[in-house]
Protein chains: 2
Amino acid sequence: MANIRDVAKRAGVSITTVSRVINNIDPVNPETRLAVEQAMVELEYVPNQLARGMRTRRTNTIGIIIPEFVNSFYHELFQYIEEEAALTGYSLFVCSTREHTDQGIDQIKELISRRIDGIVLCTYRGDVRMLTYLEQVAGDIPVIFLDNLGRDYQVNTIYTDGFTAMEKMVFHLVDLGHTNIAFIKGLEQYPVANDRFAGFKHGMEKNSLAVDQSYIFEGDYSLQSGYMASQYFFEQCPKGPPDAIMAASDLMAIGAINYLLSKGIKIPQDVAVTGYDDISLARLMVPSLTTIAQPIRDIAKQSMNLIINSKEARAKERKHLVLEGVLKIRHSTDPTKPKVVELDLE
Amino acid sequence: MANIRDVAKRAGVSITTVSRVINNIDPVNPETRLAVEQAMVELEYVPNQLARGMRTRRTNTIGIIIPEFVNSFYHELFQYIEEEAALTGYSLFVCSTREHTDQGIDQIKELISRRIDGIVLCTYRGDVRMLTYLEQVAGDIPVIFLDNLGRDYQVNTIYTDGFTAMEKMVFHLVDLGHTNIAFIKGLEQYPVANDRFAGFKHGMEKNSLAVDQSYIFEGDYSLQSGYMASQYFFEQCPKGPPDAIMAASDLMAIGAINYLLSKGIKIPQDVAVTGYDDISLARLMVPSLTTIAQPIRDIAKQSMNLIINSKEARAKERKHLVLEGVLKIRHSTDPTKPKVVELDLE
DNA sequence: TTGTACGCGTTATCAG
DNA sequence: CTGATAACGCGTACAA
C-alpha cells in the first residue's frame with residue numbers, strides 16, 4: 001500500500017508538500033497540487049489514519065458502548081449517532097456491553113487504547129464500577145451518558161425527561177375519559193424506569209386519581225413482561241380490567257397489545273394502550289401505538305456537539321441536557337387516528 | 001497519558017522489557033515482570049493501539065458495513081458478529097451505508113485508511129460500483145459479503161440457502177394440507193429475493209401445485225408491504241383468499257399478520273403465515289411465527305474464521321459458504337405449537 | 001535475561 | 001510557496 005513518501009517521489013516533491021495537499025492547509029502552487037493529486041490517484045493512495053492519529057492526537061473516532069438488547073430503541077439511537085457522527089467527520093468504534101462487570105471496564109480500556117476522541121454510553125443498565133471508571137476517564141476524554149443512570153456522575157449526560165412525558169401521557173388519557181389507568185413499569189433498580197413511573201404517579205395525583213397497587217406491574221422492558229402484565233390486569237387483577245394501560249417502553253406496550261389482540265379485546269375501545277420510545281415498530285404495527293417519542297435525532301446531534309466542544313474548548317465543566325419527549329397520538333388511544341400509519345406520514 | 005517509556009522509567013527497566021511484559025512473548029524475570037506490572041498499574045498505562053498497529057500492520061479491527069434498515073435482522077447479525085469478533089480479540093469499526101454510491105466507496109476508503117484487518121459487508125443492496133471496488137480491495141484485505149449479491153464477485157461470501165429453505169417451507173405447508181399458497185416476494189432486483197422466490201416455485205412444482213400469478217405479491221421487505229400484500233390477497237385477489245401466505249422476510253410476514261389480526265382472520269386456522277430470518281420478534285410475537293432461521297451465529301463465526309485465515313495463510317483463493325436455514329415451526333402454521341413461545345424455550 | 005537503535009507514516013516546526 | 005527533520009508510541013533485530 002502506497003505511503004506519502006511514494007506519492008512524493010512520484011510527484012517529484014517533498015512529503016511535506018504532499019501532506020499540505022492532503023490537508024489543504026498551507027498554500028500550494030496549483031500545478032504542484034495537480035501533480036500531487038495525480039500521483040495519489042495513480043498510486044491509489046489512502047492516508048494512514050494510524051500515523052495521522054499518532055501525530056495529531058486525534059483519531060476522528062467516537063467509541064460507543066451499546067447493550068445487546070432486543071429493544072430496537074438502542075439500535076435506532078445507534079444509527080442516528082452514526083449518521084450524525086459521519087456528518088461531522090467522525091466514525092464509530094463499537095463495543096457491546098457484556099455480562100461481566102470486569103469486561104465493561106476492559107471495553108473502555110479497549111476504547112482508550114484506540115485513542116478515540118470521545119465515549120458515548122447508550123444504556124440504562126450501567127454497572128456501578130464501570131460508571132465510576134468512566135467518570136474517572138472523563139478527566140481525559142469527553143464522556144457522555146445517554147440515559148439517567150442515577151447519581152450525579154461527573155460526566156456529560158443527555159436524556160429525555162421521562163417524568164414530564166409520562167405526566168403528559170396521563171393527561172392525554174384522562175382527556176379521553178380514562179380513569180382506571182394501569183402502569184407497567186420497569187425494574188426499580190433503574191433510574192430511567194423510576195422517572196417514568198414517578199411521572200405517572202404525579203400525573204395521576206394532579207388529576208385526583210388514585211394509584212392502585214393492583215394496577216401496577218413490574219416488567220423488565222421486554223415484550224414478554226408486557227404480555228404478562230396485561231394478562232395479569234385482565235385475568236387476575238382484583239380490581240378488574242383497567243380501561244387504559246401505560247407501559248414504560250414500547251416493547252412492553254407491544255407485548256401487552258399482543259395479549260389483548262389474542263383475546264379479542266379491542267384497542268382502544270375496550271382498553272387504550274400507550275408506550276414509550278417511539279421505536280419504528282410503534283408506527284408500523286397495527287394498531288399504531290400512541291407513545292412518547294424520544295428526540296433521538298437531537299440526542300445524537302447534541303452528543304456530537306458536546307464531544308466536539310469539549311475537545312476544542314477544553315471545557316472541563318460537564319453539561320447535563322434534559323430533552324423533552326414528544327407525545328405521539330395514534331390509534332391505540334385515539335380511534336379517530338389511522339389504525340395503520342401511512343408510509344410517507346411524518 | 002502515560003506511554004511505554006514512562007512505564008520503563010518507573011520500573012527501572014528498558015522499554016523493550018516493558019514490551020515483553022505486555023505481549024508476554026520472550027522470557028522475563030518474574031521480579032522484573034512484577035515491577036513492570038506494578039508500574040503499569042500505577043501509571044494507569046494503556047498501550048497505544050495506533051502505534052502498535054503501525055508497527056505490526058495489524059489493528060485487530062474489522063470494518064463492518066451495515067445498512068440503515070428497519071429490519072432488525074441486520075441488527076441481530078451485527079450483534080453476533082460483534083460478539084464473535086470480541087471472542088477472537090477483534091473490535092468493530094462501523095460504517096453505515098448511505099444513499100449515494102460515491103459515499104459507499106468513501107466508506108470503504110475510510111475503513112482502509114484505518115487499516116482494518118478485514119471488511120464485512122452486511123446487506124443485500126449492494127450498489128455495483130461499490131461492490132466492484134470492494135472486489136478490488138479484496139486483493140489486499142479479506143472481504144466478506146454476507147448475502148447473495150448476484151454475480152460472482154471475487155470475494156468471500158457466506159449466506160443462507162434461501163432456495164432450499166423456501167422449498168422446505170412449501171413441503172411443510174403442504175404436509176399441513178395447504179394447497180392455495182400465496183407468496184410475498186422481495187424486489188426482483190435483489191438476488192436474495194429471487195433465490196427465495198425460486199425455491200418457493202420449485203417447491204410448488206415438486207408438489208404438483210400451480211403457481212398462480214394472482215397469488216404473488218411483490219413487496220420490499222418492509223412491514224407495510226406485507227400488510228398491503230395480505231390486504232390484496234384477501235380483498236382484491238381474483239382467486240379469492242389463499243389458505244397460506246409465505247413471506248420472503250419476517251418483517252413482511254408480520255405486516256401480513258397485522259392485517260389479518262385487524263380483520264379478525266384466524267391464524268393458522270383461516271390462513272397460515274410464514275416468514276424468513278427468524279428475527280427475535282418472530283419468537284416473541286403472538287401468534288409465534290413459523291419461519292426459516294438463518295444461522296447467524298454460524299455466519300458470524302465463519303466470517304471471523306475467514307478473516308483470520310485469509311490473514312494468516314495469505315490464502316488468495318476465495319471461499320463461498322452456503323449455510324442451511326432451519327425451519328422453525330411455530331403457531332402461525334401449527335396450532336398445536338404454543339401461541340406464545342415461553343421465555344426460556346430455545 | 002536485558003538493552004540499543006531503527007522504522008512504521010504522518011504532521012508540525014522551522015528554515016529557506 | 002517548498003523542503004528537511006524531529007517527533008508521536010511502539011515492536012523487534014541485533015548486540016550484549
Determine the contact category for A/Thr17: base if any of its heavy atoms lies under 4.0 Å from a base atom, sugar-phosphate if only primed atoms, P, OP1 or OP2 are that close, otherwise nothing. sugar-phosphate
Measure from the side chain of B/Thr16, starting at C-beta and using heavy atoms only, and say which of D/dG9, C/dT4, D/dA4 lies closest. C/dT4
Closest non-hydrogen atom pair, B/Thr123 against B/Leu149: O-CD2, 3.5 Å
Using side-chain contact (heavy atoms from CB on, under 4.5 Å) as the criterion, point out the one residue from B/Ile158, B/Leu306, B/Ile62 that pairs with B/Val120. B/Ile62
Quantified as the angle between the terminal helix axes (five pairs each), what is the overall bend of the helix from C/dT1-D/dA16 to C/dG16-D/dC1 to 10 degrees? 40°
Can you check whether A/Arg55 has a side-chain N or O nearer than 4.0 Å to OP1 or OP2 of D/dA6? no
Can you tell me the distance, in whole Å, between the CZ atom of B/Arg115 and the P atom of C/dG9? 8 Å
A/Asn24 atom CG is separated from D/dC1 atom P, nearest whole Å, by 13 Å
Measure the acute angle between the ring planes of A/Tyr124 and A/Tyr190, then classify it against the limits of 30° and 60° as parallel, tilted or perpendicular. perpendicular
May I have the distance from A/Met54 (atom CE) to D/dA6 (atom P), rounded to whole angstrom? 16 Å
Does B/Arg58 make a side-chain donor-acceptor contact with the base of D/dG11, cut-off 3.5 Å? no
For the residue pair B/Asn23 and B/Arg52, confirm or rule out a side-chain donor-acceptor distance under 3.5 Å. yes
Contact class for B/Ile22 vs. all strands (heavy atom < 4.0 Å): base, sugar-phosphate, or nothing? nothing
Could you tell me whether the phosphate oxygens of C/dT11, OP1 or OP2, come under 4.0 Å of any side-chain nitrogen or oxygen in A/Asn23? yes
Could you tell me the separation between the CZ atom of A/Arg57 and the P atom of D/dC8, rounded to a whole number of Å? 7 Å
Has B/Arg52 got a side-chain N or O lying under 4.0 Å from the OP1 or OP2 atom of D/dC10? no
Take the protein atom CG of A/Asn29 and the nucleotide atom P of D/dG3, then report the distance between them rounded to whole Å. 11 Å
Classify the nucleic acid contact of A/Thr56 as base, sugar-phosphate or nothing, counting any heavy atom under 4.0 Å across all strands shown. sugar-phosphate
When rounded to the nearest 0.5 Å, the distance separating OG of A/Ser280 from CZ of A/Phe73 is 12.0 Å
Does the side chain to side chain donor-acceptor pair (under 3.5 Å) test come out yes or no for B/Glu42 and B/Gln38, once each step is laid out? CA-CA 6 Å; B/Glu42 287 169 4; B/Gln38 190 181 339; 2.9 Å; yes
When the distance from CG of A/Asn3 to P of C/dG9 is rounded to whole Å, what number comes out? 5 Å
Would you say the side chains of A/Arg318 and A/Thr157 form a donor-acceptor pair under 3.5 Å? no
Rounding to 0.5 Å, atoms CG (B/Asn48) and CZ (B/Arg55) come to a distance of 14.0 Å
Quick one: A/Ile25 CD1 to D/dC1 P, roughly how many Å, whole number? 15 Å
So, for B/Glu135 and B/Val155, which heavy atoms are closest and what is the spacing to 0.1 Å? CA-CG1, 3.8 Å
Presence of B/Ser19 side-chain N/O under 4.0 Å of D/dG11 phosphate oxygens OP1/OP2: yes
Not counting sequence neighbours, which residues clear ring pair (Phe, Tyr, Trp, His ring centres under 6.0 Å) with A/Tyr74? List them please. A/Phe69
Residues from residues 30-50 of chain A lying under 4.0 Å of DNA chain C - heavy atoms: A/Tyr45, A/Pro47, A/Asn48
Rounded to whole Å, the CD1-P distance (A/Ile15 to C/dC8) equals 12 Å
Which part of the nucleic acid does B/Asp26 contact within heavy-atom distance under 4.0 Å: base, sugar-phosphate only, or nothing? nothing
Let's test your reading of the model: under 3.5 Å, does the base of D/dG3 pair with the side chain of A/Arg20 as donor and acceptor? yes
